[in-house]
Every structure is written in structure tokens, then in C-alpha cells.
Amino acid sequence: MANITKLQETILALSETDYQQLRQWFNELDRDEWDQQIEADSNAGKLDFLMAEALEAKEKGTLKNLEDL
């Protein structure tokens, strides 16, 4: 925990510019990890149910266009 406390203190002492750069880096890291997880889940078939739901909604005529939401 001491390392986390030191990190927190260091982050709080950053300039606004450095803090924004750190936030941007974390956001990009999170997005990259999310993209990798989605791709892995898709490749493993874990998201197939979403395609099935969309195809079923399309058949029933209840599929909504995302641009209309």
C-alpha cells in the first residue's frame, strides 16, 4: 500500500498539463484493454448471442437503427 500512497501523492502534485497527459494515457490504456477483451470474447463466441438477438429483432421488424436513438 505504501507504493500506492506514494503514487497518489505524486499524482496530486502533478502540474495540470502533466495530470491531463496521465489521464489521457490511462484512458488510452483502458480503451486498448477493452478492445482486446471484446475481440477475445468475440473470437471465443461469447458475443454470439448479441448477433442472434439482432437478427431476431430484424426478422420481427423491431430492430432499431442506432442513428435514430
Side-chain angles (χ1 to χ4, degrees):
M1 278 310 259
N3 287 336
I4 297 296
T5 301
K6 286 181 185 179
L7 279 170
Q8 290 170 333
E9 291 170 357
T10 301
I11 290 169
L12 290 174
L14 291 173
S15 70
E16 184 65 27
T17 301
D18 288 344
Y19 179 73
Q20 291 299 328
Q21 288 177 347
L22 180 64
R23 288 186 62 187
Q24 181 178 351
W25 177 80
F26 264 113
N27 286 333
E28 290 170 3
L29 181 65
D30 284 343
R31 276 195 305 270
D32 290 346
E33 289 178 359
W34 176 257
D35 287 346
Q36 291 172 10
Q37 185 63 52
I38 291 291
E39 184 174 351
D41 287 350
S42 179
N43 290 340
K46 293 180 180 180
L47 304 177
D48 290 352
F49 74 97
L50 294 172
M51 182 61 76
E53 287 178 12
L55 291 172
E56 182 180 341
K58 185 176 180 181
E59 276 185 26
K60 291 179 180 179
T62 60
L63 184 64
K64 294 180 182 175
N65 188 336
L66 291 176
E67 295 170 356
D68 297 338
L69 297 178

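The chain is numbered in sequence order, starting from 1.
In this structure, the side chain to side chain contact (heavy atoms under 4.5 Å, CB included) partners of Glu56, at least two apart in sequence or on a different chain, are Lys60.
The side-chain heavy atoms of Asp30 and Trp34, taken from C-beta on, include no pair separated by under 4.5 Å. Within the 4.5 Å cutoff, no side-chain heavy atoms of Glu39 are placed close to those of Asp35.
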With a cut-off of 3.5 Å and sequence neighbours excluded, list every side-chain donor-acceptor pair involving residues 44-55.
none

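Within 6.0 Å of CD on Glu28 lie more than 12 heavy atoms contributed by other residues, nucleotides or ligands.
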query = Can you list the steps and then say if Gln24 with Gln20 is a side chain to side chain donor-acceptor pair (under 3.5 Å)?
reply = CA-CA 6 Å; Gln24 181 178 351; Gln20 291 299 328; over 6 Å; no

ask   = How far apart are the C-alpha atoms of Asp41 and Gln37, what are their side-chain angles, what is the distance that settles it, and do they pass the side chain to side chain donor-acceptor pair (under 3.5 Å) test?
value = CA-CA 6 Å; Asp41 287 350; Gln37 185 63 52; 2.8 Å; yes

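In this structure, Leu22 is not a member of the same hydrophobic cluster as Leu7, with clusters built from ILVMFWY side-chain heavy atoms closer than 4.5 Å.
A donor-acceptor pair under 3.5 Å is absent between the side-chain atoms of Ser42 and the main chain of Ile38, judged by distance alone.
Screening Thr5, Ile11, Leu12 for a side chain to side chain contact (heavy atoms under 4.5 Å, CB included) with Glu9, the sole residue that qualifies is Thr5.
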